[in-house]
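Hydrogens, waters and symmetry mates play no part in the numbers below; they use all other heavy atoms, side chains included.
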Amino acid sequence: KPFEAMTDFERDIQLLELLWSDAPPSASPLLPVDPLLVRVGGTVQGCYLTKWEVGAKTGPPAAPVEVFAMLRDGVGDMLVSRKWDVDLKSYDGATVWAYLSHPLAAGLYELRLVVRDRRTGEACVSRARFEAPAPLDAGLQLGSPLLFEDGPSARFLRLPVGPVKPAKGAPAGAVPSLQGLYKRIPKDMGPVLEEISPGSRRLVAVIPLEFVPAPAGDTPLLSVDASLLDGSDGSEILLETEVLDHVGEEGRPGILAVEILLVDVPPGRYELVISVEDVGTDRRAAVRKTLIRR
């Protein structure tokens, strides 16, 4: 039945199927999403970044769309249930990096997102399951790295959640923007969500970090190592790194920007492992991100 001929009730049923079916309809493109988790003081800020190639077969249409988001915790309690109306006509042919943010307590979560053409009903979907980490008693804790590669500067679109219902155990408060969490976003570079563009030879990783307890005195001296673990056989490729910037801020997580060279990396699926060490205290931590090179 054409979308234009559906009743409001039928459109709601279609939306529920898009949001909660175990497998999204084959005709609905799957939009990549990266749940970025950053510990700020006593809570984790979740920032859910999606990639919209507007007007392409893999993305939403260059038209007015409805955006629906649902975020629930591990016991099924709904934390976010929101709708936004967004006009994408002016973004035709562009890549838009849309995101929403919400504070989290430690635990398991599931995000479902639908972008639906208001006229035709054609839809794209995003879904992710993830775990927010518990706080450390002592040591170095890294937030999710946000990766960038050479290319056009990112066009970010914030989907404001407004007054939030925090996850149980997460304090209420203002929800920072993505740019507020990742303060060293490089110019003339675009984000990477798993897949690296063909020919890309370097990445810049922007990593929030927090010392527990906070260091006294000078900003700690950090060393960074990076490697790729081949998904097919587990072999390791060591990568050359350079710390570009490290900024600390009292009462806020520090920000580390690291250049990672991808010289002679063959096509394949990898786990990028980034290890950070405080040279003065031997405190260390590591984070992983899936990367695909075509």
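Within 6.0 Å of CG on D264 lie no more than 12 heavy atoms contributed by other residues, nucleotides or ligands. Sparse packing is recorded around CZ of R269, with 12 or fewer heavy atoms of other residues, nucleotides or ligands lying under 6.0 Å away. A 6.0 Å sphere centred on CD of E131 holds more than 12 heavy atoms belonging to other residues, nucleotides or ligands. By the 6.0 Å contact criterion, CG on D137 is open, its count of non-hydrogen atoms from other residues, nucleotides or ligands being 12 or less. No more than 12 heavy atoms of other residues, nucleotides or ligands lie within 6.0 Å of CZ in R119, so this atom counts as exposed by the packing criterion.
Although no hydrogens or angles enter the test, the distance criterion places a donor-acceptor pair under 3.5 Å between the side chain of Q141 and the main chain of A134. Side-chain atoms of K289 come within 3.5 Å of backbone atoms of P145 as a donor-acceptor pair (strictly under, hydrogens ignored). Within the 3.5 Å criterion, the main-chain N or O of P32 finds no donor-acceptor partner in the side chain of E194. At distances below 3.5 Å, not a single donor-acceptor pair connects side-chain atoms of R11 with backbone N or O atoms of G121. Not a single donor-acceptor pair under 3.5 Å links the side chain of E17 to the backbone N or O of Q14. Of the possible polar contacts, one joining the S144 side chain to the L37 backbone as a donor-acceptor pair under 3.5 Å is found.
Taken from CG in L140 to CD in E210, the straight-line distance is 9.5 Å, to the nearest 0.5 Å. Between the CD atom of Q45 and the OG atom of S177 there is a distance of 10.5 Å, given to the nearest 0.5 Å. Once rounded to the nearest 0.5 Å, the distance linking CZ of F211 with OG1 of T281 reads 6.5 Å. Of the inter-residue distances, the one linking C124 atom SG with L30 atom CG reads 9.0 Å to the nearest 0.5 angstrom. The structure places CZ of R127 at 8.5 Å from CG of L18, a figure rounded to the nearest 0.5 Å. Taking OG1 from T241 and CG from D225, the interatomic distance works out to 6.0 Å, rounded to the nearest 0.5 Å.
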Determine, step by step, whether R158 and L178 satisfy the side-chain contact (heavy atoms from CB on, under 4.5 Å) criterion, reporting the C-alpha distance in whole Å, the side-chain angles of both residues, the deciding distance to 0.1 Å, and the verdict. CA-CA 8 Å; R158 185 175 189 177; L178 182 142; over 6 Å; no

Could you go through the side-chain contact (heavy atoms from CB on, under 4.5 Å) check for L147 and L272 one step at a time? CA-CA 11 Å; L147 304 179; L272 172 65; 3.9 Å; yes

Assess the residue pair V86 and L157 against the criterion (side-chain contact (heavy atoms from CB on, under 4.5 Å)); give the C-alpha distance rounded to whole Å, side-chain angles, the decisive distance to 0.1 Å, and a yes or no. CA-CA 10 Å; V86 181; L157 174 64; 4.0 Å; yes

Step-by-step side-chain contact (heavy atoms from CB on, under 4.5 Å) determination, E66 to L15: CA-CA 11 Å; E66 301 169 311; L15 174 63; over 6 Å; no

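Considering every non-hydrogen atom in both R283 and V212, the closest pair reads NH1-O, 3.8 Å. Across every non-hydrogen atom of S101 and P176, the tightest pair is OG-O, 3.6 Å. Pairing each heavy atom of E10 with each of T7, the nearest pair is OE1-N, 2.8 Å. The heavy-atom pair separating V54 from L88 by the smallest distance is CG1-O, 3.8 Å. The shortest heavy-atom contact between Y270 and D230 is CD2-CA, 3.7 Å. When all heavy atoms of T50 and S126 are compared, the pair lying nearest together is CG2-OG, 4.0 Å.
Note: the hydrophobic cluster containing M78 also contains V125 (ILVMFWY, side chain heavy atoms under 4.5 Å, direct or indirect links). Hydrophobic cluster membership is shared by W97 and V204, with clusters built from Ile, Leu, Val, Met, Phe, Trp and Tyr side chains linked at under 4.5 angstrom. A single hydrophobic cluster is seen to contain both V243 and L142, as judged by linkage of ILVMFWY side chains at heavy-atom distances under 4.5 Å, directly or through other members. Taken together through direct or relayed side-chain contacts under 4.5 Å among Ile, Leu, Val, Met, Phe, Trp and Tyr, Y99 and I185 form part of one hydrophobic cluster. Linking ILVMFWY residues whenever their side-chain heavy atoms come closer than 4.5 Å, directly or via other members, places I274 and I237 in the same cluster.
The shortest distance between side-chain heavy atoms of D245 and I255 does not fall below 4.5 Å. Looking at heavy atoms from C-beta onward, F148 lies out of side-chain contact with S153 at the 4.5 angstrom threshold. The shortest distance between side-chain heavy atoms of L203 and L291 falls below 4.5 Å. Counting only heavy atoms from C-beta outward, the side chains of I196 and V265 never approach each other to under 4.5 Å. No side-chain heavy atom of L261 sits under 4.5 Å from any side-chain heavy atom of L239. Within the 4.5 Å cutoff, no side-chain heavy atoms of V33 are placed close to those of L113. L100 is not listed as a side-chain neighbour of R82, based on a closest heavy-atom distance of 4.5 Å or more. Contact annotation: the side chain of P267 never approaches that of R294 to less than 4.5 Å [non-hydrogen atoms, C-beta and beyond].
Aromatic rings from Y109 and Y48 are positioned such that their centres are separated by 6.0 Å or more.
Counted by atom type alone, E271 and T290 present one or more donor-acceptor pairs between their side chains at under 3.5 Å.
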